[in-house]
Structure formats: C-alpha cells, structure tokens
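Before any comments, here is the structure.
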2 protein chains.
Amino acid sequence: MLTTERHEWIMDLLRQKQTVKISELVEGTGASESTIRRDLTELEAINLLERIHGGATIRDRNIQELSVSDKSVKNEQEKLQIAAVAAGLVEEGEFIFLDAGTTTFRMIPFLAGKGTVVVTNGLTHVDTLIDHGITTYLTGGYVKGKTGALVGPQATGALSEYRFDRCFLGANGFHPEYGYTTPDPEEAAVKKLAASLSRRTYVVADHSKAGKVSFTKVLPLASAGLITDSLDAAMMEAVENETTVKVVTE
Amino acid sequence: MLTTERHEWIMDLLRQKQTVKISELVEGTGASESTIRRDLTELEAINLLERIHGGATIRDRNIQELSVSDKSVKNEQEKLQIAAVAAGLVEEGEFIFLDAGTTTFRMIPFLAGKGTVVVTNGLTHVDTLIDHGITTYLTGGYVKGKTGALVGPQATGALSEYRFDRCFLGANGFHPEYGYTTPDPEEAAVKKLAASLSRRTYVVADHSKAGKVSFTKVLPLASAGLITDSLDAAMMEAVENETTVKVVTE
DNA sequence: TCATAATCGTTCACAAACATTCAAAAACAG
DNA sequence: CTGTTTTTGAATGTTTGTGAACGATTATGA
C-alpha cells in the first residue's frame, strides 16, 4: 500500500502532538474507526509510528525498550510531560546538546520558536528538528545501523569542539549507587563527553528506569539534574539534589 | 513520450497543492479519466510524482523544482546508467566518499554487497545506505534545511581526518574553461576538500550539464574523471583525459 | 477479584479506483 | 490525398479501500 492523503494528515498531527487518540483521528479525518485502525496498522508496518492502546505514538527508530506491556496513551502522555518540563528549562537562544533517544526526541516540538541552537548525535532527530525550524548541527561519526545514533571517535572528536548551555541525555537506568547507565559503551562515551562540555546537564527518564542498572556507567547520580515523574520515597531521597526536577503527574 | 501542455498543467497544480485527486484533474483539464491516468503513469515513470490511490503526490523536496521538460524516461534511464557505471568503478572493500545529491544517490543500490565503506555529507543518503547494508560514516556539520546536506567548518574539519580510495561528486555544470561548478559555495568547499583527500575523483553528471556554468568553481575539468552520457565532439575533446568515462547509450 | 466499559482484530459486502483492451479521432508524413 | 502513427475515450473485468457488525481482548474502578 502507498501513502494516502489521510496518512499524511495522521503523520502531521502525530509530529505535532507526539501522541494521538483514535477518536481524534476519526473526528479529524471523517473516516470510520475501522479505516483509522487500518491506517495505523499500515503506518506501523513501515515504522512510522507505534500503536498503543487507544491510539498511536510517533516512532523514532531508537527503540531499545523491549515491549513493556504498559504502553498506553496515558503512559505516553506522562513521558510527554517530562519532555515538556525538560524543554521548559531551556531559555531563549541557548545552545544545547540533545542526545539520541526517544525521550529527548519528544522534547523537540517544545523547543520550537525559542531560537534554540541544537547539536545532536541522533540522526532521527534531524528531520523533526528541521521541520520545527530549529537550527541544527550534527556530530559526525559512525552510523549505528538500527538506532541511527552517531558514535565513535569521529563523533566525540566533533563534539569536543563545542560548549553547551545545557545538555539533555537519555538513560536506560538510574540507581543510587551505580548512577546513570546505558547499554552501549560507545553511546555512553558520547553522553559522558557531552555532559563534560555543558554548563548544566540533565537526564530525562521516566520512573520505570528507577533502580535499574545497565551495562555502562555514564555519570554519578548527583552530577546531573534528573527529570522524571513520580518516584518512591527511597529513590526520592537518593536522587535529591538541587538540580533534580520531579514532574508531578496528577 | 512527449511532454504535453496538460502535463505542465498537472505538475503546476501538484506543486501548488502537494497532492491532487484524479477527479480534480479530469475537471480541470477537460480530458477523460483514462487520459489523466495515462499522464500520471508517464509522469511517475520519470520520477516527477508518485501515484497514490485516487490521485498523485509529489515525491520529495529535491525533485519538486524540476520541470517536465527537464526530464524524460530516456533521461532517467541514462542517469541510472551513469550511476551504475560510476558504482562499477568501485572495487571490493574500498573506502569512498559520496557527495550529497541525486545522481550520487542513485549509485547506492549498485554499491551493495561490495563491502564498500562510505563517508557522506548527504543526510538523505544515510537511510538508503543502511538499508543496503553499507557501512556508513557521516561527516558532521550544519544541516542545510531543504537539501539535507552537511556543510561548514565542522563538515570540512571532520572530512579532513579521512583518506579515500575514490570520491564521487555531483555538479551543476561542467565547462572547458570554468571546470566543474555548483551553486552553493559551502557545498563547493566540501566537494573540493573531498577531492583533495582521494586517490581518484569522479564527477557524475549527465549531458544536460555540459557547457553550463554555475556560481562556484569546484575543480578544473581535467582534475577529475567525468562520468556522463553522450557528448558533442567539441566537448568530448575538451574533457578528454585518461580518467574520463563516457557512458554509451545505445 | 470481578464486572463493566472501552478498545481491538476480523470478517463481509459494497463502492470507488484501477489496468487493460479496443475502436474512433487526430496528427503526421509522404 | 492516402496510409501510418499517436492520442484519446468508452467499456471491460479486476483490485483495492471502506464502513458496519461481531466476538475477543484489554483497561478501569468497585
């Protein structure tokens, strides 16, 4: 099947809102629910989005998250809230680093119109950044097939020429003792370097990453602001520092 | 196939509206549905549009500005042939630079399975390269919005760390006196540098670029192999050198 | 935990869009 | 003017997109 006008419409809305409900699409397009479902199935098949219960969410190819069954519109909205809070920290005209990864990806729409200048190693971020009119620089480097992340000495070499106002990183786990961790050593190297080049560093990660430990250490917990949603008391205490931001999900 | 007045009319509407329905075209031109279908099939064959159920849509930004008269089925096939010949020069396991641009883009499928390692400054090339299983490095740099080319000191800086077996460049014109030229000075700088880092440099360009001169000079004519299709006698003589390759179209 | 409601995938019948064929009309060349 | 080629539009049967119906699955709140 090939792209129809309706498909474009869906993708446009999705790029704007990150997450859409089926009811919105039915109302917006005037098509039936069956048709919308079919569209979503098709668009998912070509990796443009990911279906979730009640709707769909935009897919950037960095999907390492193994099928956590709790994917739903509500869950995605929480992640969006984290992204919005993170982007809200950025002030007019700042120069920031945006890590490859899904959560940082979701920050992009919230950065539009601020005159932000972005450096990223996330290939999949670029299209969306440009679409939102954001001045964008790419680190070079080896293209990691699946994820579209740029890594290796070329990436770190290019990165080291910059200095950032803020730096936003993703992580696969955070833990009181082991700090922020991520599976891939090469990506960890990029993250670590980016952090060292920034006045302020933030890690964006939802509560499901709390207490998890992944293969490679990126930073100690206290050395970056953590932007996340609800945490249990023990974890709260562990991460408490002046830069930590907690997103309250009502 | 001849380019009719109706074809121009269709493309004009398409450029305006991005997507058109067949019914609109029938009404607008006064031609029958069969005829419109035929037109769309023909225009699709030369890559000016993409057919979708119920109408047609413009494929991608690169091609939008081209007019009907610039293209034909024959022309399209010639370009593919040029790309095939260019890619055929690459030997097993070589390290090459692939310039941003449509003609170099067409080389990608022919490079698959050769163990080629590619460095490119063309953002739009990357997906296709990865899809064909080709090891890919990206120069970093400023992302030029519409074209997706990476340019600027970051791009040239990253590039200068490499050495290539072969380098394939696109050009907007070639001329006995003024050499290979291209409109954008920033892109020209990247091309020039890439050429200087390669054992062998080739320019891929079809005969419609012969005698044309664009804003910025990249290289003198004799300093790179030219891969093109039929040329008139005067031009033939001018470009004659040991690396020039002419694609013979039957 | 269970009951209820919302969301989901599947099937089916119908309509819209499609490629293909063929003959008439128009353009062209000698 | 005559024979040939090209373009066109109608008719054909086929494929594809669509919406409604139904039972299965998944969230949610008591």
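Computation of the quantities below employed the complete heavy-atom set of this structure, encompassing side-chain atoms and omitting hydrogens, waters and symmetry-equivalent molecules. Letters go in sequence order (proteins before strands), and every chain restarts at 1.
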Value in whole Å for how far the P atom of D:dA20 lies from CD1 of A:I36: 13 Å
Does a donor on one side chain and an acceptor on the other come within less than 3.5 Å for A:T181 and A:H175? no
Given that A:T41 and B:I22 both sit by DNA chain C, which one's nearest nucleotide is further toward the 5' end? A:T41
Starting at CD1 of A:I52 and ending at P of C:dT7, how long is that distance when rounded to a whole Å? 12 Å
Tell me yes or no: between the side chains of A:R106 and A:T57, is some donor less than 3.5 Å from an acceptor? yes
Can A:S32 and A:T35 be counted as having a side-chain donor-acceptor contact under 3.5 angstrom? yes
Give the rounded distance in Å between these two atoms: CG of B:D39 and C1' of C:dC18. 16 Å
Return no unless some side-chain N or O of A:T35 is found under 4.0 Å from OP1 or OP2 of D:dG19. yes
In whole Å, I'd like the distance from the NE2 atom of B:H7 to the P atom of D:dT6. 15 Å
Nucleotide D:dT8, atom P - distance to CD of B:E5 in whole Å: 11 Å
Given C:dC18, C:dC8, D:dT8, identify the nucleotide with an atom nearest to the side chain of B:R51. C:dC18
Side chain of B:S32 (C-beta onward), nearest among D:dT8, D:dG9, C:dT11: D:dG9
May I have the distance from A:R37 (atom CZ) to D:dT25 (atom P), rounded to whole angstrom? 15 Å
Round to the nearest Å and state the distance from A:R6 atom CZ to D:dG17 atom C1'. 8 Å
Does the plane of the ring in A:Y202 sit parallel, tilted or perpendicular to the ring in A:F168? Use 30° and 60° as the thresholds. parallel
More than 12 non-hydrogen atoms from neighbouring residues, nucleotides or ligands closer than 6.0 Å to CD on A:E5, yes or no? no
Whichever of B:R38 and B:G54 has the more 5' nearest nucleotide on DNA chain C, that residue is B:G54
Atom-pair distance (CG on B:L25; C1' on C:dA17), nearest Å: 14 Å
Side chain of A:S34: nearest nucleotide among D:dA20, D:dT18, D:dG17? D:dA20
